Amino acid sequence: MLNFVIRIKNANSNLLLMNKTAQIKKKHQFIKFRKLVIVSILIGFLSAFLGISLKKITEYYEEIFYNEVTIHPLYYVIFPVFGLSVIYFLRQYLFKKKENKGIKEVFESTQSKTKNLPSYKIPSHFINGLLTVIFGGSTGIEVSTVVATATIGSVAQQKENVFRQYKTELICAGVAAGVTALFSSPIAGILFALEVISRKVTRAFIISNIIAVSIAFGLLSILKEEPLFVVSITTWHLKAIPYFILLGILAGMNSVYLTRCVLFFKSQFGKINTHYYKIIIGSAVLSISLFIFPQLYGEGYHAIKGIFENAAEIPLTITLAFTFIGILILKPIVTSITLASGGDGGVFAPSLFIGAFLGLLLASFLNSVFHVNVIPVNFMIIGMAAVLSASIHAPFTAIFLVCGLTNDYTLFLPILVVCLISKYTAKTIYPYTVYSYAPSLTK
């Protein structure tokens with residue numbers, strides 16, 4: 001009888017201990033969840049603030065400097081060499097002589113348990129991205145923003161041991177909030193973080209990224225940010241589908257050309273030991289190209305806005321056709337040389353630029369030669385999404401990003417089809433992007 005009572009007491013003690021352990025675990029999980037929510041809010045706000053600030057400052061000064069070069073063409077020579085020189089000296093003396101590798105830095109960090117993005121990457125990419133674009137570098141601030149906001153997430157996860165297991169998720173939260181701030185599309189932000197950076201979904205990813213992009217979009221709403229491109233899209237017609245398919249194939253081919261140019265010129269410039277020779281060569285090519293085609297200056301969004309406004313009224317002449325073809329050939333070369341000679345940026349803005357001009361050229365050609373009466377603006381928007389999709393192998397990011405840029409989802413279905421066609425066309429021709437390529441992969 002005594003043994004029976006003792007066994008009951010022991011069982012009760014074990015049950016109490018198990019309940020207490022379960023309560024402790026539950027409380028610990030709640031504390032972790034609460035901390036994850038708080039840090040996601042912080043990352044979302046800081047990343048969105050950085051993205052919006054960089055976008056606003058870049059737009060403001062790019063417009064001023066671009067107006068100056070149109071009045072005084074001598075600045076086509078002065079601005080590129082000055083901008084690339086300042087970036088070089090900043091890297092040498094302020095940013096620890098470290099060269100920026102773009103989004104590859106983010107991949108290296110997420111794939112390693114010990115390697116983190118150092119905090120100086122935030123001012124480095126912010127300042128260098130700004131200087132590259134406003135002084136004529138033919139790229140954009142998107143990749144600079146992505147790396148800087150990824151660093152915000154990386155620094156945050158280093159602050160407490162509890163966040164170490166959420167390293168990739170918090171880096172992605174920063175990236176998603178930054179992309180949301182630039183393109184006013186929370187869905188594009190999450191999809192970019194998923195398709196390009198993380199490539200896997202966890203509960204922590206969903207929680208942190210949704211919170212971060214919600215904070216970013218809320219900040220955009222408070223600041224009453226307008227869509228980057230104000231475009232009137234009325235409808236699209238089923239008869240245009242074969243021409244959309246053609247656009248998708250051409251977009252995939254153009255994206256491969258852009259990718260190969262970036263890889264080729266980075267490889268060739270990497271063989272030049274004296275950095276100032278890179279600056280001189282890069283500045284010379286950039287100056288000549290900008291003088292011939294001012295549309296290549298900076299991000300090129302001013303040129304896209306210009307052709308959006310006049311797309312329906314532009315008659316295709318031989319001169320205009322050769323101008324567009326020249327721009328499509330030169331843009332990847334000038335972008336590549338900007339990056340290879342020390343500029344900061346990536347292929348986001350160049351892809352949108354190439355897609356807009358490719359779409360308008362194809363639509364104008366079809367209307368002038370075959371009289372099919374397609375809508376040029378539709379081809380421009382679909383072209384932007386298609387080239388971006390093929391360049392980064394992220395079709396769903398491209399769809400929501402371009403729809404966010406115009407704040408219009410009328411073309412969602414044709415954009416979806418064309419983005420998938422362009423991506424798989426590009427992958428068939430060349431399986432790598434500028435993010436995924438490594439020399440060892442081709443050996």
Side-chain angles (χ1 to χ4, degrees), residues 33-56 103 106 109-110 117 122 125-126 140-157 163 166-228 346 348 352 385 388-389 392 394-409 412 415 419:
F33 174 77
R34 188 177 64 186
K35 286 186 174 183
L36 181 64
V37 169
I38 292 168
V39 79
S40 299
I41 291 170
L42 185 62
I43 289 170
F45 177 78
L46 292 175
S47 299
F49 186 78
L50 183 147
I52 293 168
S53 301
L54 182 54
K55 180 172 68 170
K56 287 293 185 185
I103 289 181
V106 182
S109 179
T110 56
L117 292 164
I122 299 171
H125 281 279
F126 187 100
I141 58 167
E142 291 80 12
V143 169
S144 304
T145 304
V146 165
V147 180
T149 53
T151 305
I152 291 173
S154 179
V155 170
Q157 67 85 26
F163 295 140
Y166 302 135
K167 180 180 180 179
T168 298
E169 287 85 350
L170 294 181
I171 286 174
C172 286
V175 169
V179 172
T180 300
L182 290 181
F183 298 107
S184 303
S185 176
I187 299 175
I190 292 175
L191 286 172
F192 179 80
L194 177 61
E195 286 187 292
V196 178
I197 308 296
S198 174
R199 297 176 187 173
K200 63 179 180 179
V201 180
T202 62
R203 188 170 66 174
F205 177 93
I206 294 169
I207 293 168
S208 58
N209 280 256
I210 287 177
I211 290 171
V213 299
S214 299
I215 296 296
F217 194 67
L219 189 58
L220 287 171
S221 302
I222 292 169
L223 297 173
K224 295 182 172 60
E225 284 291 294
E226 297 292 328
L228 183 59
F348 255 85
L352 297 173
L388 180 62
S389 166
I392 64 175
F396 297 102
T397 298
I399 294 163
F400 285 97
L401 189 145
V402 170
C403 288
L405 282 175
T406 58
N407 196 28
D408 194 304
Y409 287 79
F412 183 88
I415 289 176
C419 280

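Computation of the quantities below employed the complete heavy-atom set of this structure, encompassing side-chain atoms and omitting hydrogens, waters and symmetry-equivalent molecules. Small disclaimer: the values here were computed from a predicted structure and weren't measured.
- A 4.5 Å side-chain heavy-atom check between L170 and S208 finds at least one atom pair inside the cut-off.
- Taking the side chain as every heavy atom from C-beta outward, Y166 and I207 never approach each other to under 4.5 Å.
- Here the two rings, on F192 and F183, have centers that are 6.0 Å apart or farther.
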Give the C-alpha distance, both sets of side-chain angles, the deciding distance and a yes or no for side-chain contact (heavy atoms from CB on, under 4.5 Å) between F205 and T168.
CA-CA 8 Å; F205 177 93; T168 298; 6.0 Å; no
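- A distance of 10.0 Å separates CG of L42 from CD1 of I215, quoted to the nearest 0.5 Å.
- Atom-to-atom distance recorded for S184:OG and L220:CG is 5.0 Å, nearest 0.5 angstrom.
- Distance check: F396 CZ to I187 CD1 gives 12.5 Å after rounding to the nearest 0.5 Å.
- A donor and an acceptor atom, one from each side chain of T397 and E195, are located under 3.5 Å apart.
- Remark: I392 CD1 to F348 CZ distance equals 4.5 Å, nearest 0.5 Å.
- In terms of modelled atom types and a separation under 3.5 Å, the side chain of S185 and the main chain of F400 share a donor-acceptor contact.
- Put simply, the residue from T145, I52, L401 that forms a side chain to side chain contact (heavy atoms under 4.5 Å, CB included) with L182 is T145.
- Here the CD-NZ distance, from E169 to K200, works out to 6.5 Å after rounding to the nearest 0.5 Å.
- At least one donor-acceptor pair closer than 3.5 Å links the side chain of T149 to the backbone N or O of V146.
- Residue P395 comes nearest to S389 through the heavy atom pair CA-OG, 3.2 Å, listed as atom of the first residue, atom of the second, then distance.
- Looking at every heavy atom in both residues, G189 comes nearest to T180 through CA-OG1, 3.9 Å.
- The two residues V39 and A156 come nearest to each other via the heavy atoms CG2-CB, 3.8 Å.
- Residues N209 and V175 are not in side-chain contact: their nearest non-hydrogen atoms beyond the backbone lie 4.5 Å or more apart.
- Looking at K167, its side chain never comes within 3.5 Å of a backbone N or O of Q157 through a donor-acceptor pair.
- Contact between H125 and A148 at its shortest, heavy atoms only, is CB-CB, 4.3 Å.
- Although no hydrogens or angles enter the test, the distance criterion places a donor-acceptor pair under 3.5 Å between the side chain of S47 and the main chain of I43.
- V155 and L117 make their closest contact through CG2-O, 4.2 Å (heavy atoms, listed as atom of the first residue, atom of the second, distance).
- No donor-acceptor pair under 3.5 Å is formed between the side chain of S154 and the backbone N or O of A150.
- Distance check, rounded to the nearest 0.5 Å: CD1 of I211 to CD1 of I206 gives 11.5 Å.
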What verdict does the side-chain contact (heavy atoms from CB on, under 4.5 Å) test give for L352 and L405, after you've listed the backbone C-alpha separation in whole Å, the side-chain angles of each residue and the deciding distance to 0.1 Å?
CA-CA 11 Å; L352 297 173; L405 282 175; 3.9 Å; yes
